[in-house]
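Right, one structure below, let's go through it.
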Amino acid sequence: MAAPKPVGIRLERKKDASLLNWNLKRLHPPEKICVPLRQGSRPCVRVGEQVRIGQRIGEPENPEEATVHASISGTVTEIAAAPDAMGGMSVRVVIQKSTEPKLAPGVWEIRKGWEQIPAGELEAAFQCAGLVTTDLSAEPVHSKIKRHAAASTLVVNCCEPEPYVTCEQTLLLSHPVEVLKGAELLRKALGAEKILLAFETCNFEIGELLKSKIFFLKWTHAEARAVPSLYPQGTERLLLQNWFPGEKEKAVVFPASTAFAAYEAVAHQKPFYERLVTVGGECVVEPRSLWLPLGISFQDAIHACKGVMREPERVVMNGPMAGIAQADLNVPVTAGTAAVLALPKEITKKGPEEPCIRCNLCVNKCPAGISPVMITLAADHQELETAGIFGAAACIECGNCGYVCPSQRPMLEKIRTAKKKLGISGTKPAGAHHG
Amino acid sequence: MAENGKTFSATPAPYIHSADTVAKRCWGQLAALMPVIFAAGFFGKTEFLHVLLLSLISAVAFELLGAKLFGKKDKLHHGEAILIAVLMAILMPPGCPSEAILLANFLAVFIAKEFFGGMGEYLFHPVLFARVFLHASFPGMTAEPLVLHGSFWVLTAVGIGGLILVRQKQGYWETPFLYITLCSFCTFALGRWGNDPGNFFSGVLLTAFFLLADPVAMPLTRRGTRLFVAGAALLSALLSPRGFSMAAAGFSILLMNLLTPWLDVWLRPRPSAAEGLVNAGGQS
């Protein structure tokens, strides 16, 4: 079966501003962080207890789940439930900063002979580090590996089709070899044969960099392959669909930043307590990608980039196409937070909703090949069965239909509601993984 | 910066938008019609100006009346009523009485558009609906449009207007292409070329660019639109007795409008054919 022609939108990428400050840095630890515990895990620290960076603070009840680690050192002041950025509630461990940052024993120590580590020990190392995938699903890496035991290809996703977001690109430009080594560790753990690195055609410098590093590493099992830079090409689902049509179980996709975290977890014995986040948007004074401890609030993340120069209209987690706008900036940064964007009025402005003029644009720009217009019109008239016939279940929630709609109809919202009523779980389960 | 506790509006994604709007589309079509209006004004002189003015005033009046009667906010700023009025003026035959123009705009704006539910909801192209209705009801309305009695210059004006419209990329490029080629080919094959190719081509171009530019009553997929256009082109060639007949073209488009709901269901995109995604609702 021939792969379908890639469908998408050539968006204005708006990445230059945050790429200007592409030296990665870490912050002075914030006064207070609230590390959200994962669903089904219980805190293993008490209020008043001193914790160190990298210390385990959440234990899963289910071994398939991941542990949670402290991202700053200090005193646990509170353990309580609070809203998170996905719209759900989760239990949070609040840590007040102490004067001296202290590492937990064993953290950031080179593991001896890590390059020869047998495949069987890798999964345990990932589990011990509490490693989760750095996308919205935030699935524990060891259980994702177990779930894809049959995969023969590891796809490392270096694409960032969303505007503004540059964390993967910055990471790849700074640490291409480490990403490759992390990918090799993941491949070993999976028992896969091949590594495919997906990069966008417009980021050819990343492609060339990866190719040259692969050449010098003398790897014959790795290959960097281009994806057209059309939003949302380069997302996990479409990579699998286009590169492995009909045999999706043969491949597994990990983001490049997860590969880097895997390298750190194995080589440096570093638990997964921080991630690279792009803080950007036109309102932020110094947009950049930087290492943020998990659990830092969006407010502090924006402050770390020198605050905002004008009042944002929306503050969005992840990209402006498929991200989630936040009402409250006290929500914490989690493993799935690739970006915190403060967007001004002129970017987010939207006219009033008009009736559909059946212009065909949403149908033509739908990467899932469904008919968003029919689904939404049917949903408006409560005809859910028709919505199902026109492919509501296949929607990947990329937001293209809402972007192109000349009538400014809230297409994605309507389709999500229809999916919910039809009993189809979303591709982005709101609040499904934490609380 | 927002102090702690300040809340933002958390609307659903996407948070950016292409600059495309309905109003832009209508005014864009009107801009593309300007050369045709100039040519028509040049050749039709005061008669065309009279028709245009009356058409504009009545269309706006009926739009406002419709908004009042159906309790909606009027959508004059979208320019849809004005677009209807201009197209109507262009399609009117020479020497038509003022009442006919008023009736035509009443039929187009009030009956075919507002009565069917307003913008985006109508089943038939409002202008063609009114024009074909008049053609069928009044013997004086059967003549070809005033504009098409022009010459090479009218043809050029329609061509330039069409190119402006194609450049705006409102619809598919193949819509006018298919219509022009199929309609000319079939007319030629049937030996009904007539003795005025200038007239024939201005009519075909006008239909292809401007009467097939309204997507509301057309299918929702590219394949469906192609079929729609091909059907309209063939029917219009078959129904025209000699050369190009605006009534035949209008009637064929209305007939295809009627088939559109079936085309939409029949040629719907089928994601199940690609990847069996339908059953893969959740995480994959």
Side-chain angles (χ1 to χ4, degrees), chain A residues 4 137 163 237 240-241 245-246 248 299 302 307-308 311-316 320-330 343 347-348 350-351 354-361 363-364 366 368-371 373-374 390-391 393-394 399 402-404 406-408 410 412-413 416 424-425 427, chain B residues 1-26 73 75 78 80 117-121 170-172 214-222 224-225 260 264-265 267-284:
Chain A
S137 70
R237 213 161 154 172
L240 287 175
Q241 187 180 318
K248 272 194 260 179
Q299 178 82 52
I302 291 172
V308 292
E311 192 62 19
E313 178 76 5
R314 298 259 191 293
V315 176
V316 180
M321 289 294 280
I324 304 167
Q326 301 300 322
D328 176 9
L329 296 191
N330 289 317
L343 302 175
I347 298 294
T348 61
K350 222 176 168 187
E354 308 279 0
C356 169
I357 59 160
R358 304 169 147 256
C359 66
N360 288 3
L361 271 181
V363 183
N364 292 335
C366 180
I370 58 175
S371 182
V373 47
M374 278 307 228
F390 281 88
Y403 176 83
V404 294
S407 298
Q408 324 237 8
L412 184 53
E413 188 192 7
R416 272 189 192 147
I424 303 155
S425 60
T427 47
Chain B
M1 176 61 195
E3 319 74 49
N4 273 351
K6 146 112 197 186
T7 55
F8 295 89
S9 71
T11 51
Y15 306 102
I16 48 177
H17 189 263
S18 67
D20 196 6
T21 63
V22 177
K24 228 181 216 178
R25 286 175 171 243
C26 283
K73 225 175 142 239
K75 297 218 160 107
H78 284 329
E80 210 186 12
M119 190 177 93
E121 302 277 346
Q170 291 197 12
Y172 303 116
D214 184 0
V216 174
M218 281 165 64
L220 283 168
T221 55
R222 193 165 195 162
T225 306
T260 297
D264 279 342
V265 175
L267 292 177
R268 68 174 179 269
R270 286 168 207 265
S272 51
E275 277 302 286
L277 273 171
V278 166
N279 299 323
Q283 287 287 138
S284 55

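The figures that follow rest on heavy atoms only: side chains count, while hydrogens, waters and symmetry mates do not. Proteins come first, then strands; the chains are lettered A, B, ... in the order of their sequence lines, and each starts at number 1. Because the structure is predicted, anything quoted here is derived from the model rather than measured.
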Report task. Please examine the side chains of A/Leu343 and A/Pro320, heavy atoms only from C-beta on, and report whether any two atoms are closer than 4.5 Å. Result -> yes
Report task. Considering only heavy atoms and a distance below 4.5 Å, find which of B/Val265, B/Thr11, B/Asp264 pairs most often with chain A. Result -> B/Thr11
Query raised in the report: A/Phe390 and B/Arg268: which non-hydrogen atoms are nearest, and at how many Å?
Result: CE2-CB, 3.3 Å
Query raised in the report: Relative to chain B, which segment of A/Cys356 carries a heavy atom at a distance below 4.5 Å: side chain, backbone, both, or neither?
Result: backbone
**Report entry** Under 4.5 Å from a heavy atom of chain B, the part of A/Ile347 involved
**Finding:** both
Report task. Under the side chain to side chain donor-acceptor pair (under 3.5 Å) rule, collect the residues that match up with A/Asn360, sequence neighbours excluded. Result -> B/Tyr172, B/Thr225
Requested in this report: May I ask you to name which of B/Thr221, B/Thr21, B/Leu220 has the most heavy-atom pairs under 4.5 Å with chain A?
Outcome: B/Leu220
Requested in this report: Of all the heavy-atom pairs spanning A/Met321 and A/Pro163, show the shortest one and how long it is.
Outcome: CG-CD, 4.3 Å
Query - Greatest number of heavy atom pairs closer than 4.5 Å to chain B - which of A/Ser407, A/Pro406, A/Gly351 - result: A/Pro406
Query - Region of B/Pro269 in contact with chain A, defined by heavy-atom distances below 4.5 Å - result: both
Query raised in the report: Taking the side chain from B/Tyr15 and the backbone from A/Val316, do they hold a donor-acceptor pair closer than 3.5 Å?
Result: no
Report task. List the atom of B/Pro14, the atom of A/Tyr403, and the distance in Å for their closest heavy-atom pair. Result -> CG-N, 3.7 Å
**Report entry** Residue B/Lys75 versus chain A: region with a heavy atom under 4.5 Å
**Finding:** side chain
Query raised in the report: Who are the side-chain contact (heavy atoms from CB on, under 4.5 Å) partners of B/Gln170, not counting sequence neighbours?
Result: B/Arg25, B/Gln29, B/Leu165, B/Gln168
Query - Contact class of A/Gln408 relative to chain B, heavy atoms under 4.5 angstrom - result: both
Report summary line: Honestly, the part of B/Asp214 sitting under 4.5 Å from a heavy atom of chain A is neither
